[in-house]
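What you are looking at is a predicted structure, and each value in this text was computed from that prediction instead of being measured.
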Amino acid sequence: MAQSAEIQIARAGGEVASAEAEAAKIRDRCRALGIAWHDKAPEVDAQMIALLEPEVAVRVRAVPLKVERGRLLVAMYNPLDITAADEVATLVKMPVTRVGVETAAFAELMRRSYGTTAARIAESLAGSSEASKPETEHNVDAIEAADVHRMAEQPTLINLVNLLILEAIQIRASDIHIEPFENLVKIKYRVDGVLIEQPSPPKHLQAALIGRIKIMAMMNIAERYVPQDGHITLRFEGRKVDLRVSTVPTIYGESVVMRILDKSSLPLDLKSLGMSEAHRATMDRLIDKPHGLILVTGPTGSGKTTTLYAALSQLYDPSLKILTIEDPVEYELAGVNQIPVNPKRGLTFAIGLRAMLRQDPDVILVGEIRDNETVDIAIRSALTGHLILSTLHTNDAISSIGRLTDMGAEPFLVASVLEGLLAQRLGRRLCAMCRKREPLTDDERARLTHDEAESFRDGAWRAVGCEECRNQGYRSRLGFFELLKIGPRLRAGISKGLSVGDLKGLVENDFRTMRQDGMLKACEGSTTIDQVLRATQDVDEVI
């Protein structure tokens, strides 16, 4: 199977040494042989890049730098690879001088030099004429599974798929979308919550492209009419990256979404998530409690699981037994026993949670409270001396109380175990390198309260765009939070079964809504007013 320079399908644990150790050996050997070594990405003569086709450069892991004394200086991932160096010399028709580059710097050099590799490879696969396209171009159902398998194993097609994934990881995308339409196939990357369209590959590559992904994900390549789920594990720059693959049939073929789970890009502390110092102090007190129920609420994709992971990482201590049950396990946490839900084999949240109680746990994370049975077991677990962390789908923090009682929980039991409610949304974080401040627009003033507008008296921060943020104006995301700790008055109101409207009057004075939290971050220049309004428009402005 062909593989790209930066992506290799992970092999069995004992078969390959870590990429870091391998890179260190290459570096030491090169220095011993007198081969130059760079810790940072060297400068490149733009004219030299064209000497190697993108797919060749990626395959041999080499970037032409410049010509010195009649020899081509070539940066290589592994300068000890004589075969690759000879191939480059043959292609460029001149002798080469090899230089080494550190792994991370080489990845940056490759991205800078061949950043549109996937698009270029797609163009080269497009064919020189319409006649070269198969008659079945607009009827992918007519292509036999054996033909799809044969096309999907072509080295250039393999490189195209690998590079689509590579580019997505490099630009910190969370998802890759492949969407089939009548006359084209669209490729989109979701970066910081926004879909960014990429150059489209030729329509006649659709079957082979999707077939290749299904082969990598161990899915049934012959089945095209029912949804399928799969999993890909990749090795990228010395770290493991997981991809959750989902396919669904559409009228023009299968739509594919690959969710990228890159643990190295996961901020596992509450400060990195954008939580204010006051909220972090409250959260610290809540997770330090020996027992009780803490819920994180919000819609799908609002970062609830990431927040819980960050809390667990902060809570972790070798003296504690921590168990999680999730659907699916998105990231592996060191020192934490994680259980994946498997309904096909009879392992549901409720059954798993009941079994976990026999494991003598101190802290339990339940991926989501979905039904009456799960909420009942979670509450009783909290009553018997366990700290339970979980999620719910509600618009704001206070609504979680009503949702628990709707699921059959007795109000007096909810009042006894509930310790804190955290609701959140995600917004895009401004790039600190290019943001600028400008006066409020009339439209913004109309959408802000008087007090909010006063806080922007010196102007509001805007997104601009620069090389650092790939001209997006934003880099990563941050959370807008509202954290409700259950005080004596609120606990008494819950026990009495008061309505959500009445409970809102019992919250403590220091409570801050998601919108208020977001506006403070917009004032600081962490995000924009538009991002706050967009993320919190379905939540009441004040309580």
Side-chain angles (χ1 to χ4, degrees), residues 172-175 177 190-195 244 246 257 259-263 265-276 279-280 282-283 286-287 293-314 324 326-331 349 365-370 389-404 420-430 474-484 511-522 526-541 543:
R172 301 176 291 100
S174 60
D175 304 270
H177 294 248
R190 187 178 294 279
V191 182
D192 300 336
V194 177
L195 283 174
R244 312 281 179 183
S246 171
V257 175
R259 185 177 185 191
I260 301 171
L261 303 176
D262 184 0
K263 185 178 178 181
S265 66
L266 183 70
L268 284 181
D269 66 274
L270 297 173
K271 183 177 181 180
S272 298
L273 296 175
M275 189 173 286
S276 67
H279 279 160
R280 294 199 308 273
T282 303
M283 195 68 179
L286 290 175
I287 63 177
L293 178 63
I294 300 172
L295 295 177
V296 180
T297 76
T300 300
S302 60
K304 301 185 297 294
T305 302
T306 302
T307 298
L308 286 177
Y309 279 169
L312 279 188
S313 296
Q314 184 171 318
T324 78
E326 308 168 57
D327 183 22
V329 174
E330 295 188 4
Y331 297 92
F349 276 115
L365 186 154
V366 181
E368 183 184 347
I369 293 180
R370 297 178 177 174
L389 309 178
S390 191
T391 69
L392 272 181
H393 290 289
T394 60
N395 283 340
D396 56 12
I398 199 77
S399 298
S400 303
I401 298 168
R403 182 63 54 84
L404 290 174
L421 298 166
L422 176 69
Q424 66 180 70
R425 296 289 188 279
L426 290 178
R428 303 176 80 186
R429 190 191 298 265
L430 274 172
Y474 300 93
R475 292 193 66 178
S476 76
R477 290 191 285 179
L478 79 165
F480 308 138
F481 303 94
E482 60 179 40
L483 181 54
L484 180 63
F511 177 78
R512 191 164 66 207
T513 66
M514 274 184 282
R515 173 162 172 153
Q516 291 167 344
D517 185 53
M519 287 300 172
L520 286 175
K521 288 166 182 171
S526 299
T527 189
T528 63
I529 293 174
D530 181 63
Q531 287 293 310
V532 177
L533 295 175
R534 182 177 302 170
T536 63
Q537 61 186 344
D538 61 334
V539 185
D540 290 340
E541 295 182 14
I543 281 188

Identify the heavy atoms of [X] and [Y] that sit nearest to each other, and give their distance.
X: E482; Y: M514; answer: OE1-N, 3.1 Å
X: A310; Y: L273; answer: CB-CD1, 3.9 Å
X: L421; Y: S400; answer: CD2-CB, 3.8 Å
X: D327; Y: F349; answer: CB-CZ, 3.8 Å
X: L484; Y: A397; answer: CB-CB, 4.2 Å
X: A311; Y: I287; answer: O-CD1, 3.9 Å

Are any of the side-chain heavy atoms of [X] and [Y] separated by less than 4.5 Å?
X: F481; Y: M283; value: no
X: L295; Y: L404; value: yes
X: D269; Y: Q314; value: no

Report the distance from atom [atom1] of [X] to atom [atom2] of [Y], rounding to the nearest 0.5 Å.
X: S399; Y: H393; atom1: OG; atom2: NE2; result: 14.5 Å
X: R280; Y: K271; atom1: CZ; atom2: NZ; result: 5.5 Å
X: L261; Y: D175; atom1: CG; atom2: CG; result: 9.0 Å
X: L308; Y: L389; atom1: CG; atom2: CG; result: 6.0 Å
X: I398; Y: F511; atom1: CD1; atom2: CZ; result: 7.0 Å

Can you check whether [Y]'s main-chain N or O pairs, donor with acceptor, with [X]'s side chain at less than 3.5 Å?
X: Q531; Y: T528; value: no
X: T391; Y: G367; value: yes
X: K304; Y: Q424; value: no
X: T527; Y: K521; value: no
X: R425; Y: N395; value: yes

*Mind checking salt bridge (Lys or Arg N to Asp or Glu O under 4.0 Å) for R512 and listing every partner two or more places apart, or none if nothing turns up?*
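R512 satisfies salt bridge (Lys or Arg N to Asp or Glu O under 4.0 Å) with D517 once adjacent residues are dropped.
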
*asked:* Could you work out, with side-chain hydrogen bond (donor to acceptor under 3.5 Å, both in side chains) as the rule, every residue matching T297, not counting sequence neighbours?
replied: T394

_I'd like to check the side-chain hydrogen bond (donor to acceptor under 3.5 Å, both in side chains) partners of T305; sequence neighbours left out, ordered by chain and number._
none

*Let me see the working for M275 and L422 under side-chain contact (heavy atoms from CB on, under 4.5 Å), right down to the final yes or no.*
CA-CA 11 Å; M275 189 173 286; L422 176 69; 3.9 Å; yes

*Under 3.5 Å, is there a donor-acceptor pair linking the side chains of S476 and R429?*
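Indeed, the side chains of S476 and R429 share at least one donor-acceptor pair under 3.5 Å.
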
_Presence of salt bridge, R244 and E330, under 4.0 angstrom_ =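 A salt bridge is absent here (no side-chain N lies under 4.0 Å from a carboxylate O).
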
*R172 with D262: basic N within carboxylate O range, under 4.0 Å*: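 Salt bridge absent between R172 and D262.
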
